[in-house]
Every structure is written in C-alpha cells, then in structure tokens.
Novice: 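I'd like to ask you about the structure that follows.
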Amino acid sequence: MIVLGIETSCDETAVGIVRDDGTILANVVFSQIEEHKEYGGVVPEIAARSHIEHIDILIAQALKQARLDYVDIDGFAATCGPGLIGGVMVGMMAAKALAFAHHKPFLAVNHLEGHALTPRLTDSVPFPYLLLLVSGGHTQLLVVIDVGKYTQLGTTIDDALGECFDKSAKMMGLPHPGGPHLEKLALQATHKYEYDLPKPLIHHKDCRFSFSGLKTAVLRHIEAMQGATLPKEQVADLADSFQRTVADILSIKCARALDIYLKEHPSETPHFVVAGGVAANKVLRSSLENLCKNKNVAFAAPPIQLCTDNGVMIAWAGLEKLSRNMVDSLDHPARPRWPLDQAA
Ligand code: KG4
Ligand code: ZN
C-alpha cells in the first residue's frame with residue numbers, strides 16, 4: 001500500500017509518499033521562510049496564497065522522485081487541522097480532488113497525529129507509548145494508546161515551547177523561526193549555565209507546563225545588557241542558559257509523566273517519544289534520552305528532518321488510518337482546532 005500525504009497547515013508546503021513497509025519514496029518540502037522574513041512571523045494570508053502557488057508543483061515533484069504515477073497511489077492524505085485555516089484548506093482540497101478523480105480513499109489527518117505517529121515509521125515504536133509533543137503551537141504530554149486514541153497528561157497553560165524559543169530568539173536578535181538559530185548561538189557560549197532563569201510550575205506535582213515567565217526573564221536580561229548593539233558573548237551565554245533551563249523543565253515534567261505512564265500502562269517494552277519541531281534540538285534530545293536511560297525506558301526521536309513539518313508524517317499517519325480502514329468522506333471539514341484527546 002502506498003499513500004501520498006500533503007502538509008500545508010503553517011509555512012511549509014510539503015508532500016511525502018510512503019509505502020506500508022516504512023519506505024519513504026518521496027519527501028519534498030518548500031519552506032516559505034523567505035516570504036515571511038520581513039514580517040518576523042508567519043502571515044496567514046501570504047502562507048495560503050503561497051501554498052496555492054506551490055502545491056501542484058510539489059505533488060508532481062514527489063511523484064517524480066518516487067518514480068510513480070497517480071494510479072500507483074492507494075490513498076491521498078492531507079492535514080485537515082489544526083493550523084492556519086487558509087493553508088489547511090489548500091492541501092485538504094488538493095488531496096480530496098486527487099482522491100475523487102482517481103477513485104481512491106481520502107484520509108483526513110490531524111497534524112499533531114502526524115508528528116505523534118512518525119516514530120512508528122522511523123523506529124517501529126509499539127503502542128502504548130508516552131509522547132512529548134513540542135512544536136510551534138503545542139506542548140503536550142500524551143499517552144498514545146492507538147491511532148486516534150490519546151490520553152493527555154498535561155499541556156501548557158500559556159505559551160507553547162516553540163513559541164517561547166522563537167520569541168526569546170527574536171529578543172536575542174535572531175531571525176524567524178528562531179529555535180534552530182538559538183540552538184546554534186548557544187554552541188558559542190563561553191560560560192555554561194551563566195544565567196539563573198525561572199522554571200515555572202516545576203514544584204507542582206503535575207504534568208502542566210508554563211513558559212511565559214521564562215520568556216519575560218529573557219527579556220529582562222536582554223534589557224539589562226549594555227551598549228548600542230547586543231553584546232554577542234553575553235547573548236550566547238543567555239541562549240545556552242535558556243536551553244539548559246528548558247531541558248531541566250522538560251526532564252522534571254517528563255519524569256512525572258513517565259511514572260504515571262509506567263503505572264497505568266504496564267508494558268514489557270515501555271517507550272518514550274519526543275516529536276514536533278522543537279524535538280530537532282540536540283540538547284533537549286540528549287537530556288531526555290538520559291532521563292529514559294535512568295528510568296529504563298526506550299527512547300525514540302525522529303531524524304531531525306522529520307521533526308519539523310513535512311509530508312512524510314502525513315502520508316504515514318494516512319497509511320496507519322488506511323490499514324485500519326479509517327477512511328474519511330470528501331465532506332470532512334478543515335478544523336482550525338482539533339485536540340488529540342477530545343476529552344481533555
Ligand atoms: O512542528 P513544527 O515544524 O511546526 C508546527 O507544527 O508548529 O515546529 C516549529 C517550531 C518552531 O517554533 C521552531 O523554532 C522550532 O519548532 N524548532 C526548534 C528547532 N528546530 C525547530 N526549536 C528548538 N531547537 C531547534 N533545533
Ligand atoms: Zn508541526
């Protein structure tokens with residue numbers, strides 16, 4: 001079985017083609033970073049128009065990369081939410097049109113489920129597993145019980161972690177999206193863990209996160225730095241402290257979530273997974289990997305290029321749905337909000 005997946009929920013137009021044995025046949029991504037650069041963030045209207053301009057070209061490129069034709073595709077999947085609704089509509093309508101024209105199933109994929117299921121493609125992670133989902137818009141700890149079945153253990157009460165990375169990076173004078181730039185800058189730090197930054201909610205015995213206080217603390221330190229331009233060395237030290245502080249917060253909260261997961265879902269092969277754009281961060285990955293070693297739980301994180309938004313994750317989630325006959329109708333709506341755990 002082969003599924004083509006389309007992702008257009010933010011500022012990446014992406015198409016992936018995946019076979020059910022886990023082979024990635026195509027992975028093409030067009031990033032709109034340049035188009036949004038002068039605005040310092042993603043402009044929804046520009047994003048939607050850009051998706052329209054690129055989607056047909058990317059589908060053709062993906063088929064060429066996979067050496068396939070439309071007749072070889074067994075299902076067409078697209079992100080139907082959550083995300084910027086104009087962009088979501090573009091990818092969803094493209095997949096619906098292809099499914100209709102070629103008499104193949106249409107698969108409506110939740111973008112977050114795309115991130116959540118990627119480690120099953122890359123590392124064959126078995127259900128149930130504990131997932132830390134960290135992206136530009138979401139920060140959640142969930143137990144992934146099965147396709148479409150999630151139990152949320154905790155989420156953020158204010159900013160998402162990716163948003164906190166991006167806003168802190170912007171204050172440090174770095175371009176958008178700031179996460180990867182901040183990680184690079186932190187490598188140049190000369191004084192490790194120089195700044196004492198707050199770790200909100202760590203003493204609360206739950207799995208909730210809060211990042212807005214951390215962001216404000218970064219602002220205060222930036223404001224206190226002297227000179228007409230920001231002093232490079234100090235900003236690099238601050239980036240390093242920021243990242244280490246985030247790593248500590250995640251470790252404390254994930255340790256709690258692991259205890260709950262291990263108690264409520266006893267398994268001979270317990271797994272912890274980190275996914276979403278922020279999971280590309282090497283400092284955070286290695287700190288979470290250490291935590292898992294201590295807890296005797298297997299650790300998995302997708303390869304860096306499959307952490308940030310891509311079409312492969314949507315194709316794979318589509319395949320997981322298709323193999324369970326979870327096919328969707330052509331009047332499936334585009335959903336700006338679509339929680340994985342509907343009861344949360
Ligand atoms: O999953 P994603 O590509 O898009 C959303 O679904 O939101 O995540 C994008 C987020 C951005 O906030 C970006 O700065 C962050 O992931 N990100 C990183 C890194 N690479 C991407 N944050 C920290 N370190 C990185 N290396
Ligand atoms: Zn994403």
Side-chain angles (χ1 to χ4, degrees), residues 5-14 16 27 29-33 36-37 40-42 44 47 51 78-85 87-88 91 109-119 131-140 155-156 159-172 174-187 209 211 214-215 218 239-240 242-247 249-250 273-288 301-314 316-317 335-340:
I6 300 177
E7 160 56 36
T8 54
S9 69
C10 194
D11 60 342
E12 260 103 23
T13 318
N27 181 17
V29 182
F30 171 76
S31 166
Q32 302 174 1
I33 286 180
H36 300 281
K37 207 173 183 175
V42 180
H51 288 307
T79 294
C80 289
L84 302 175
I85 201 68
V88 169
V109 172
N110 181 320
H111 178 84
L112 305 175
E113 183 152 50
H115 283 302
L117 298 178
T118 301
L131 165 71
L132 172 67
L133 179 62
V134 274
S135 68
H138 296 87
T139 306
Q140 299 178 9
T155 182
T156 174
D159 292 356
L161 183 53
E163 194 182 347
C164 181
F165 259 96
D166 293 344
K167 288 181 177 163
S168 301
K170 195 173 180 178
M171 294 181 238
M172 294 175 194
L174 302 170
H176 186 85
H181 296 284
L182 193 154
E183 179 176 17
K184 237 189 195 164
L185 181 65
L187 291 174
F209 297 96
F211 292 107
L214 175 57
K215 180 187 68 187
V218 169
D240 169 81
F242 172 87
Q243 235 174 205
R244 287 171 197 268
T245 303
V246 170
I249 297 170
L250 294 185
V273 157
V274 60
V278 184
N281 187 291
K282 295 192 191 75
V283 172
L284 303 184
R285 285 163 86 103
S286 78
S287 126
L288 291 168
I304 306 285
Q305 75 276 13
L306 293 184
C307 284
T308 45
D309 291 350
N310 62 85
V312 168
M313 69 183 198
I314 304 305
W316 175 254
R335 302 179 60 178
R337 303 182 73 82
W338 188 358
L340 283 175

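Order of appearance sets the numbers: ligands from 1, and atoms from 1 within every ligand. Residue numbers run from 1 in the order of the sequence given.
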Novice: How far is atom 22 (N) of ligand 1 from its nearest protein heavy atom, and which residue and atom name does that atom have?
Specialist: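 So the nearest neighbour among protein heavy atoms is G179 CA, 3.4 Å.
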Novice: Walk me through whether V312 and L306 qualify under side-chain contact (heavy atoms from CB on, under 4.5 Å).
Specialist: CA-CA 8 Å; V312 168; L306 293 184; 4.0 Å; yes
Novice: Find all atoms of ligand 1 within a distance of less than 4.0 Å from any non-hydrogen atom belonging to D166, and give their numbers and elements.
Specialist: 11 (C), 12 (O), 13 (C), 14 (O)
Novice: Decide whether T79 and E7 meet the rule of one side-chain donor and one side-chain acceptor closer than 3.5 Å.
Specialist: yes
Novice: Please determine if the Zn ion (ligand 2) has an N/O/S atom from H138 lying under 2.8 Å away.
Specialist: no
Novice: For atom 9 (C) of ligand 1, grab the closest protein heavy atom and report residue, atom and distance to one decimal in Å.
Specialist: G136 N, 3.8 Å
Novice: Return the OG1 to CG distance between T118 and N310, rounded to the nearest 0.5 Å.
Specialist: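 So the gap between those two atoms works out to 6.0 Å.
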Novice: Only heavy atoms of T308, strictly under 4.0 Å: list the atoms of ligand 1 that pass.
Specialist: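 Under 4.0 Å from T308, ligand 1 has these atoms: 3 (O), 21 (C).
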Novice: Which of the atoms of ligand 1 are close to G137, meaning less than 4.0 Å from one of its heavy atoms?
Specialist: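 Numbered from 1, ligand 1 contributes 7 (O).
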Novice: To check you understand the geometry: which heavy-atom pair defines the closest contact between I6 and I314, and what is its length?
Specialist: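 Here I6 and I314 meet closest at O-CG2, 3.6 Å.
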Novice: Considering only protein heavy atoms, which is closest to atom 26 (N) of ligand 1, and at what distance to one decimal place?
Specialist: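 Sorting protein heavy atoms by distance from atom 26 (N) of ligand 1 puts E183 OE1, 2.7 Å first.
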Novice: Among protein heavy atoms, which lies nearest atom 24 (N) of ligand 1, and at what distance?
Specialist: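 Scanning the protein heavy atoms, the shortest distance from atom 24 (N) of ligand 1 goes to N281 ND2, 3.1 Å.
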Novice: Would you say H111 touches ligand 1, if touching means a heavy atom closer than 4.0 Å?
Specialist: yes
Novice: Quick one: report the N, O or S atom of D309 that is nearest to the Zn ion (ligand 2).
Specialist: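 Per the distance ranking, D309 contributes OD1 as its closest N/O/S atom to the Zn ion (ligand 2).
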Novice: Mind checking whether H111 and H115 have parallel, tilted or perpendicular rings, split at 30° and 60°?
Specialist: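 Geometry flag for H115 against H111: perpendicular rings.
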Novice: Any side-chain donor-acceptor pair under 3.5 Å between N281 and Q243?
Specialist: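 Distance-only check passes for N281 and Q243.
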Novice: Going by heavy atoms, is C10 under 4.0 Å from ligand 1?
Specialist: no
Novice: Kindly indicate, with the supporting measurements, whether the criterion side-chain contact (heavy atoms from CB on, under 4.5 Å) is fulfilled by V278 and F165.
Specialist: CA-CA 9 Å; V278 184; F165 259 96; 3.9 Å; yes
Novice: Using a 3.5 Å cut-off on N or O atoms only, is G277 in polar contact with ligand 1?
Specialist: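 Min N/O separation from ligand 1 is below 3.5 Å for G277.
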Novice: Side chain or backbone of H115 under 4.0 Å from ligand 1, or both, or neither, by non-hydrogen atoms?
Specialist: side chain
Novice: Do L161 and L250 have side chains that get closer than 4.5 Å, going by heavy atoms?
Specialist: yes
Novice: Answer yes or no as to whether an N/O/S atom of H115 is found below 2.8 Å from the Zn ion (ligand 2).
Specialist: yes
Novice: Can you name the nearest heavy-atom pair linking A116 to L131, along with the distance?
Specialist: CB-CD2, 3.5 Å
Novice: Relative to the heavy atoms of G162, which atoms of ligand 1 are at a distance of less than 4.0 Å?
Specialist: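 So the answer, numbered in order with elements, is 12 (O).
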Novice: So which protein heavy atom does atom 4 (O) of ligand 1 come closest to, and at what separation?
Specialist: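 Result: D309 OD2, 3.1 Å.
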Novice: Run the salt bridge (Lys or Arg N to Asp or Glu O under 4.0 Å) check on K170 and D166 step by step: do they pass?
Specialist: CA-CA 6 Å; K170 195 173 180 178; D166 293 344; over 6 Å; no
